[in-house]
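Below you'll find the structure, written out as structure tokens, and then a few comments.
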Amino acid sequence: MKQVYLDAVLSIHDVIELDTKQAHHIFDVLRTTPKEKIRIITKNSGVFLGHVENKPTLIIDSIVDVFEENQLIKQDKFEWMLQKACELGVTKIVPFVSKNTVVKLDEKKAEKKQSRWNEILLAATKQCNRNTLVELEPVIPLKKLSNYKSECNLVAYEKESDPSKHMAHYLKENPKSITVCIGPEGGFEESEIQVLNEFGYKNCSLGKNILRAETAACYVLSAIEYQNHVEG
């Protein structure tokens with residue numbers, strides 16, 4: 001869906017005149033028609049849907065539920081992550097639900113998503129010329145992560161500040177297999193970290209910066225690939 005960003009407080013039925021740059025992009029470049037819905041992102045008043053009329057006019061039709069909006073954005077990021085993880089050599093992906101997980105799937109939707117995700121992984125496998133398929137497990141609750149342990153088991157935790165617990169420290173031991181738990185955008189709750197620690201997952205740092213979930217996945221896999229190359 002096409003979208004624009006407005007630094008304004010909006011209400012339903014408002015009529016807005018886009019600035020020259022955004023009007024050119026929406027009308028001339030994207031050739032948007034009045035029949036199309038446009039997402040309007042604002043700083044303070046929420047997320048809206050609207051439609052265009054004559055250049056440069058935009059009409060606000062409805063407000064979007066924030067939770068539903070986040071579902072779409074997070075889902076796109078997850079699918080991007082699947083593709084990149086495949087290209088970077090992951091062998092198994094286990095989606096799990098934690099307290100701060102934004103996307104909530106019922107059983108019927110989960111089955112459809114599972115099929116789509118496998119299609120994305122298959123296409124990525126072909127694109128990057130892999131010889132093996134990525135195993136994609138069904139979505140599980142966090143407490144079942146105890147079933148997916150390797151020789152080395154880590155949980156990427158943004159509050160871990162001990163330099164000796166940087167991921168590089170664990171990779172120097174050159175484990176034959178490694179499982180890394182990466183939390184949602186909201187991060188892990190301390191109680192969840194405690195549960196994972198009890199399962200045998202060790203806290204690790206990915207550096208000083210706070211990474212998005214999909215960035216963390218790419219970071220982890222790239223670090224593992226580098227270490228495999230150094231040791232190999």
Inset, instruction - Please examine the side chains of Cys152 and Ser177, heavy atoms only from C-beta on, and report whether any two atoms are closer than 4.5 Å. - result: no

Inset, instruction - Taking the side chain as every heavy atom from C-beta outward, state whether Leu58 and Ile38 have any pair of such atoms under 4.5 Å apart. - result: yes

Inset, instruction - Apply side chain to side chain donor-acceptor pair (under 3.5 Å) to His169 and list each qualifying residue two or more places apart in sequence or on a separate chain. - result: none

Legend entry - Any donor-acceptor N/O pair, Glu160 side chain to Asp162 backbone, under 3.5 Å: yes

Inset, instruction - Measure from the side-chain N and O atoms of Thr57 to the backbone N and O of Glu53, and report whether any donor-acceptor pair falls under 3.5 Å. - result: no

Legend entry - Exceeds 12 heavy-atom contacts within 6.0 angstrom, atom NZ of Lys55: yes

Inset, instruction - List the steps, then state whether side-chain contact (heavy atoms from CB on, under 4.5 Å) holds for Asn131 with Thr125. - result: CA-CA 8 Å; Asn131 296 322; Thr125 299; over 6 Å; no

Legend entry - Worked verdict on Cys181 versus Leu145 for side-chain contact (heavy atoms from CB on, under 4.5 Å): CA-CA 9 Å; Cys181 296; Leu145 287 175; 3.9 Å; yes

Legend entry - Intermediate values then yes/no, side-chain contact (heavy atoms from CB on, under 4.5 Å), Lys202 and Asn197: CA-CA 6 Å; Lys202 299 177 181 179; Asn197 291 161; 5.9 Å; no

Legend entry - Donor-acceptor contact present, side-chain Gln83 to main-chain Trp80, <3.5 Å: no

Legend entry - Heavy atoms of other groups near Lys84 NZ, more than 12 under 6.0 Å: yes

Legend entry - Steps toward side-chain contact (heavy atoms from CB on, under 4.5 Å) verdict (Phe96, Val139): CA-CA 5 Å; Phe96 63 90; Val139 180; 5.9 Å; no

List the atom pairs, with distances to 0.1 Å, where a side-chain N or O of residues 16-24 and a protein N or O form a donor-acceptor pair under 3.5 Å, not counting sequence neighbours.
| unit_1 | atom_1 | unit_2 | atom_2 | d |
| --- | --- | --- | --- | --- |
| Asp19 | OD1 | Lys21 | N | 3.2 |
| Asp19 | OD1 | Gln22 | N | 2.7 |
| Gln22 | OE1 | Tyr5 | N | 3.4 |
| Gln22 | NE2 | Tyr5 | O | 2.8 |
| His24 | ND1 | Asp28 | OD2 | 2.9 |

Legend entry - same_hphob_cluster(Leu30, Phe27) at 4.5 Å side-chain heavy-atom cutoff: yes

Legend entry - Shared hydrophobic cluster for Leu142 and Ile140 (ILVMFWY, side-chain gaps under 4.5 Å): yes

Legend entry - side chain to side chain donor-acceptor pair (under 3.5 Å) against Ser205, all qualifying residues, sequence neighbours excluded: none

Inset, instruction - Please go through Ile59's hydrophobic cluster and name the other residues, only I, L, V, M, F, W, Y counting, with side-chain heavy atoms under 4.5 Å joining them. - result: Val15

Legend entry - Under the side chain to side chain contact (heavy atoms under 4.5 Å, CB included) test, residues paired with Leu88 that sit two or more places apart: Cys218, Leu221, Ser222

Inset, instruction - Output all residues satisfying side chain to side chain donor-acceptor pair (under 3.5 Å) with Ser115, sequence neighbours left out; order by chain, then residue number. - result: none

Legend entry - Which atom of Asp61 lies closest to which atom of Ile12, heavy atoms considered: O-CG2, 3.1 Å

Legend entry - Atom pair CG/CD of Asn129 and Gln127 - distance to nearest 0.5 Å: 9.0 Å

Legend entry - side chain to side chain contact (heavy atoms under 4.5 Å, CB included) partners of Glu198, counting only residues at least two apart: Gln194

Legend entry - Residues in side chain to side chain contact (heavy atoms under 4.5 Å, CB included) contact with Lys92, at least two apart in sequence or another chain: Val94, Glu135, Glu137, Tyr148

Inset, instruction - Compare every heavy atom of Asn203 with every heavy atom of Tyr157, then report the nearest pair and how far apart it is. - result: CD2-ND2, 3.9 Å

Legend entry - Nearest non-hydrogen partners of Ile224 and Met167, listed with the distance: CG1-CE, 3.7 Å

Inset, instruction - Mind listing the closest non-hydrogen atom pair of Leu82 and Leu121 along with its distance? - result: O-CD2, 3.5 Å

Inset, instruction - Could you tell me whether a side-chain N or O of Glu214 sits under 3.5 Å from a main-chain N or O of Met81, the two making a donor and an acceptor? - result: no

Inset, instruction - Would you please name every residue forming a salt bridge (Lys or Arg N to Asp or Glu O under 4.0 Å) with Lys159, sequence neighbours left out? - result: Glu190

Legend entry - Main-chain N/O of Gln227 paired with Lys172 side-chain donor or acceptor, under 3.5 Å: no

Inset, instruction - Find out whether Val134 and Cys86 are in side-chain contact, i.e. whether some heavy atom of one side chain is under 4.5 Å from a heavy atom of the other. - result: yes

Inset, instruction - Give, for atom NZ of Lys113 and atom CD1 of Ile120, the distance between the pair rounded to the nearest 0.5 Å. - result: 8.5 Å

Inset, instruction - State, to 0.1 Å, how close Ile178 and Leu154 come at their nearest heavy-atom pair, and which atoms those are. - result: CD1-CD1, 3.9 Å

Inset, instruction - Search all heavy atoms of Leu10 against all heavy atoms of Phe48 and return the closest pair with its distance. - result: O-CZ, 3.5 Å

Inset, instruction - Determine whether Leu136 and Pro95 make a side-chain contact, defined as any pair of heavy atoms from C-beta on separated by less than 4.5 Å. - result: yes

Inset, instruction - Could you list the residues that satisfy side chain to side chain contact (heavy atoms under 4.5 Å, CB included) with Thr179, not counting sequence neighbours? - result: Ser150, Asn153, Tyr201

Inset, instruction - List in chain and number order the residues that pass salt bridge (Lys or Arg N to Asp or Glu O under 4.0 Å) with Glu36, two or more places apart in sequence or in another chain; answer none if no residue qualifies. - result: Lys2

Legend entry - Residues forming a side chain to side chain donor-acceptor pair (under 3.5 Å) with Thr132, sequence neighbours excluded: Arg130

